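Note that ligands are numbered from 1 as they come in the structure, with each ligand's atoms numbered from 1 the same way. Computed from a predicted model, the values in this text were never measured in an experiment. These numbers come from the heavy atoms of this one structure, side chains and all, not from hydrogens, waters or symmetry mates.
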Amino acid sequence: MTVGYPIDLHTHSLRSDGALEPAALIERAARRGVTIQALADHDTLAGAAEAMAAGERLGVRVIPSTELNTESEWGDVHILGYFLDPADAALEDRLRWLREHRGRRIELMVEKLNALGYPIALARVMEIAQGGSLGRPHLAQALFEAGHVPTYDSAFDTLIAKDAPAYVSRVGLSPLEAVQLVVAHGGVPSLAHPFTVIGLDELMPLIVAAGLAGIEAYYGSHPPAMTAACLSLARRYGLVPTGGSDFHGRGDHGAPLGGVFVPPETIAAIEARRGGQAAATMTTAVGGD
Ligand SMILES: [Zn+2]
Ligand SMILES: [Zn+2]
């Protein structure tokens with residue numbers, strides 16, 4: 001019995017933060033009537049081969065993809081990269097580095113402080129943060145408590161401000177770098193769930209200039225006005241409107257597999273953008289009124 005739409009360009013497996021093995025994910029999607037599916041685990045293509053093999057068995061065309069998290073002042077900017085090569089070793093190296101260093105900034109700064117002769121414990125910094133996301137203020141507090149600096153503020157001035165000896169910059173890709181990484185490896189970048197971006201109107205021209213090819217217009221939690229706004233951005237910037245469930249299989253995160261309508265012409269449109277093809281050729285084919 002088919003209960004979903006046939007195209008789903010945004011799904012996650014256990015290889016990142018989903019709940020199902022890649023093959024089980026494809027099987028579940030196939031049962032719901034999905035015939036074209038992008039497996040887009042965060043910062044990895046590790047599930048692609050298994051998913052593609054399952055897809056061949058079940059008649060689901062699996063598009064090897066990833067979803068890149070970024071670090072910037074623009075909020076949660078996630079870049080989907082379609083049609084990437086799971087055997088691309090240079091890409092895998094870069095993704096591995098990102099996975100290993102994400103969220104380790106404060107840990108790296110603690111290591112630097114210890115090496116510089118200001119011993120503090122990461123555990124104490126985490127206690128100070130009380131479960132919040134770790135930041136330099138927690139480090140400053142720990143340094144002050146340990147008697148390494150005379151005041152909280154002086155910790156910044158002498159040790160952890162930008163250009164100070166224990167400073168470590170945010171680890172990760174900027175939105176522009178994420179777009180460029182996908183393009184450099186022959187993939188097609190699309191901006192995921194644009195509503196999580198802070199300052200979307202300002203960011204759009206920058207990431208379009210970097211090579212953005214799509215925008216996720218069709219998304220489970222998008223109200224019609226958001227979809228319309230994305231379609232309008234797609235027309236304005238010559239982008240392919242993409243879409244998908246963002247299915248994770250746990251909690252409320254995402255829609256069911258195949259739970260979001262994605263127009264059939266989307267596939268040909270994103271394929272045409274492989275290898276950084278110019279926008280002009282496709283804008284008339286998709287995202288019409
Ligand atoms: Zn996301
Ligand atoms: Zn996602």
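By the 4.0 Å N-to-carboxylate-O rule, E107 lies too far from K112 to be salt-bridged with it. Here E21 pairs with R15 in a salt bridge; the nearest charged N to carboxylate O distance falls below 4.0 Å.
Using modelled atom types and a 3.5 Å distance limit, the side chains of E67 and H78 yield a donor-acceptor pair.
Protein N/O/S atoms found under 2.8 Å from the Zn ion (ligand 2), listed by chain and residue number: H10 NE2, H12 NE2, E67 OE1, D246 OD1.
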- Starting from the C-alpha separation in whole Å, work towards a yes-or-no answer on side-chain contact (heavy atoms from CB on, under 4.5 Å) for V197 and M204. CA-CA 10 Å; V197 176; M204 282 306 293; over 6 Å; no
- Evaluate the ring-ring contact (aromatic ring centres under 6.0 Å, His included) criterion for residues Y5 and F261: first the C-alpha distance (whole Å), next the side-chain angles of each, then the deciding distance (0.1 Å), finally the verdict. CA-CA 6 Å; Y5 295 108; F261 174 74; 5.4 Å; yes
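Y167 meets the ring-ring contact (aromatic ring centres under 6.0 Å, His included) test with no other residue; sequence neighbours excluded.
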